[in-house]
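These notes concern the structure reproduced below.
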Amino acid sequence: MNHYPAEPFRIKVVEMMKTMSKEEREAAMIEAGYNTFLLKSEDVYIDLLTDSGTTAMSDRQWAGMMIGDEAYAGSRNFLHLDAVVKEYYGFKHMVPTHQGRGAENLLSRLKIKPGDIIPGNMYFTTTRYHQEANGGTFKDIIIDEAHDPSVDHPFKGNIDLTKLQALIDEYGADRIPYVCLAVTVNLAGGQPVSMQNMREVSALCKKHNIDIFFDATRCVENAYFIKKREEGYKHTSIKDILLEMMSYGDGCTMSGKKDCMVNIGGFLAMNDDTLFARSKELVVVFEGMPSYGGMAGRDMEAMAIGIKESVDYAYIAHRVEQVKYLGDQLEAAGVPIVRPVGGHAVFLDARAFLSHLSQDQLPAQALAAHLYIESGVRSMERGIVSAGRNKETGKNHSPKLELVRLTIPRRVYTYAHMDVVADAVIALYNKRESITGLEFVYEPPMLRFFNARFKPL
Ligand code: PM9
């Protein structure tokens with residue numbers, strides 16, 4: 001008998017799921033060019049593609065949607081969101097954006113000039129894209145442990161201060177517009193950063209007059225890990241931990257589609273008055289008026305309420321522990337996964353899972369495709385395909401981590417669904433030798449993973 005805690009919510013609305021035969025799924029995958037991004041959502045049984053925008057909103061959020069003020073300027077929902085962001089994140093100013101990459105676009109255009117270096121704790125696809133599009137070069141300064149799926153570390157997202165200092169020595173602080181500090185680190189496996197590390201990074205950056213901008217996308221999950229793992233925070237509320245985390249930075253970009261618990265939205269926050277004034281000038285070009293960015297009034301209301309709900313301990317504990325439950329089951333069955341299990345997803349180590357394939361045979365892409373064909377579970381490649389090509393040499397980036405992400409949407413699936421997923425992955429692991437590699441038949445020039453098409457080798 002399985003033992004797991006009950007969900008801390010009642011289910012008010014349900015969406016029926018469709019099951020299909022293996023033959024039907026195979027045909028759907030061929031049509032999608034072996035890219036799980038290109039499947040029809042209707043053809044998916046359990047959808048673990050992403051936790052982005054897939055959150056089930058609460059009754060209160062839906063009620064908030066009804067009081068959306070859709071005035072072109074000065075919406076009351078903006079004033080609510082503005083107040084909530086300031087209260088929960090502690091920054092002086094904020095500008096709403098349609099989603100996280102909208103905020104990344106604004107920040108990168110405002111802060112980066114050609115030749116600049118942007119240190120960060122592991123790349124993220126859209127973040128690096130905007131940094132490079134503005135003439136910057138991303139430099140990875142995460143601790144070495146993060147690149148090894150089998151190494152256990154409570155804060156595997158930490159920045160290596162020696163690597164940061166070496167960049168400052170090599171390029172000079174003037175060429176570093178800011179450090180991009182992600183909490184948690186998505187592509188390392190949803191790994192957290194410790195408060196102590198943030199404090200130390202902040203001290204080093206202050207010494208050299210370098211700003212820190214958080215990628216706050218999954219900051220509440222990071223706060224939960226601090227509460228659980230770092231000495232001195234056991235009795236501190238998630239809200240207070242979050243505020244302390246953000247106090248070590250000068251601002252943040254936020255994809256509201258994750259830890260703000262909404263289906264669309266984001267923001268750019270900062271303390272600097274001049275940067276805020278320039279952000280308001282730029283946001284009208286790409287997003288909309290500073291009082292809505294790219295969002296509808298009703299969406300801003302849902303996000304304001306979602307931010308308050310996100311720091312509720314019962315919610316965040318259930319969310320992170322449910323992810324761990326899935327990871328523990330896979331690990332117990334000997335399936336290679338990234339350790340320790342992170343906040344939003346279980347990452348399969350595709351190199352070890354499909355050890356008969358080399359990285360240029362795209363093992364993670366092939367594994368994601370076959371998991372869908374076998375079980376109807378949709379996952380996402382996070383390996384060589386996602387990493388793209390070096391902008392100077394045109395060669396593939398070859399990340400050490402070749403992963404398939406089983407991403408758990410917030411408040412959507414139950415523990416029983418996790419059992420189904422675990423069984424599916426274990427069954428596939430037991431016949432892993434039958435999986436062959438893939439090759440590109442269409443490779444888009446940027447962010448290729450979204451629209452690329454493949455065929456079996
Ligand atoms: N993350 C994810 O599935 C959605 C798109 S996949 C490229 O993990 C971080 C850490 C993210 C992220 C999106 C963004 C961009 C920034 N930072 O999708 O534009 O995980 O809202 O956010 C996705 P938006």
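For this chain, numbers begin at 1 and follow the sequence in order. Computed from a predicted model, the values in this text were never measured in an experiment. For ligands, and for the atoms within them, numbers begin at 1 and follow the listed sequence.
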| Can you name the salt bridge (charged side-chain N to carboxylate O under 4.0 Å, His left out) partners of Arg448, sequence neighbours left out? | Glu443
| field | Sidechain-backbone polar pair: Arg389 side chain, Pro445 backbone, donor-acceptor under 3.5 Å | value | no
| task | Identify, for atom 17 (N) of ligand 1, the protein heavy atom at the shortest distance, and state residue, atom and that distance. | result | Asp215 OD2, 2.7 Å
| At what distance is the nearest protein heavy atom to atom 21 (O) of ligand 1, and which residue and atom is it? | Ser255 OG, 2.6 Å
| field | Per-atom contacts of ligand 1 with Met380, taking only distances under 4.0 Å to non-hydrogen atoms | value | 3 (O)
| query | How far is atom 15 (C) of ligand 1 from its nearest protein heavy atom, and which residue and atom is that? | reply | Thr126 OG1, 3.5 Å
| Heavy-atom nearest option to atom 16 (C) of ligand 1, drawn from Arg101, Met254, Gln99, Glu104 | Glu104
| query | Do any nitrogen or oxygen atoms of Arg405 come within less than 3.5 Å of a nitrogen or oxygen of ligand 1? | reply | yes
| field | Thr50 neighbourhood, listing ligand 1 atoms whose heavy-atom distance to it stays under 4.0 Å | value | 2 (C), 3 (O)
| query | About how many Å separate CZ of Arg319 and CD of Glu221, when rounded to the nearest 0.5 Å? | reply | 4.5 Å
| note | atom 12 (C) of ligand 1: of Phe124, Phe449, Phe37, the nearest heavy atom sits on Phe124
| Would you call Arg60 and Glu309 a salt bridge, taking side-chain N to carboxylate O under 4.0 Å as the test? | no
| task | With rounding to the nearest 0.5 Å, note down the distance linking CG in Asn186 to OG1 in Thr125. | result | 8.0 Å
| request: Return a yes/no value for Arg218: is any of its N or O atoms, backbone included, closer than 3.5 angstrom to an N or O of ligand 1? | output: yes
| request: Check whether any side-chain heavy atom of Phe454 sits under 4.5 Å from a side-chain heavy atom of Asn35, and report yes or no. | output: yes
| message | Does only the side chain of Arg128 get under 4.0 Å from ligand 1, or the backbone, or both, or neither? Count heavy atoms. | response | neither
| message | Between Arg410 and Asp51 (salt bridge meaning N to carboxylate O under 4.0 Å), is one present in this structure? | response | yes
| query | So which heavy atom in the protein is nearest atom 1 (N) of ligand 1, and how far is it from that ligand atom? | reply | Lys258 NZ, 3.0 Å
| Are any of the N or O atoms of Asp51 closer than 3.5 Å to those of ligand 1? | no
| Charged N to carboxylate O below 4.0 Å: is that the case for Asp116 and Lys111? | no
| remark: The ring pair (Phe, Tyr, Trp, His ring centres under 6.0 Å) partner of Phe267 among Tyr89, Tyr88, Tyr292 is Tyr89
| said: Is there a polar contact between ligand 1 and Gly100, counting only N or O atoms under 3.5 Å apart? | reply: yes
| field | Sidechain N-carboxylate O distance under 4.0 Å for Arg25, Glu374 | value | no
| query | So is Lys257 polar-close to ligand 1, meaning N/O to N/O under 3.5 Å? | reply | no
| said: Measuring from non-hydrogen atoms of Arg382 to any atom of ligand 1, is the shortest distance under 4.0 Å? | reply: yes
| request: Could you list which atoms of ligand 1 come closer than 4.0 Å to a heavy atom of Thr125? | output: 7 (C)
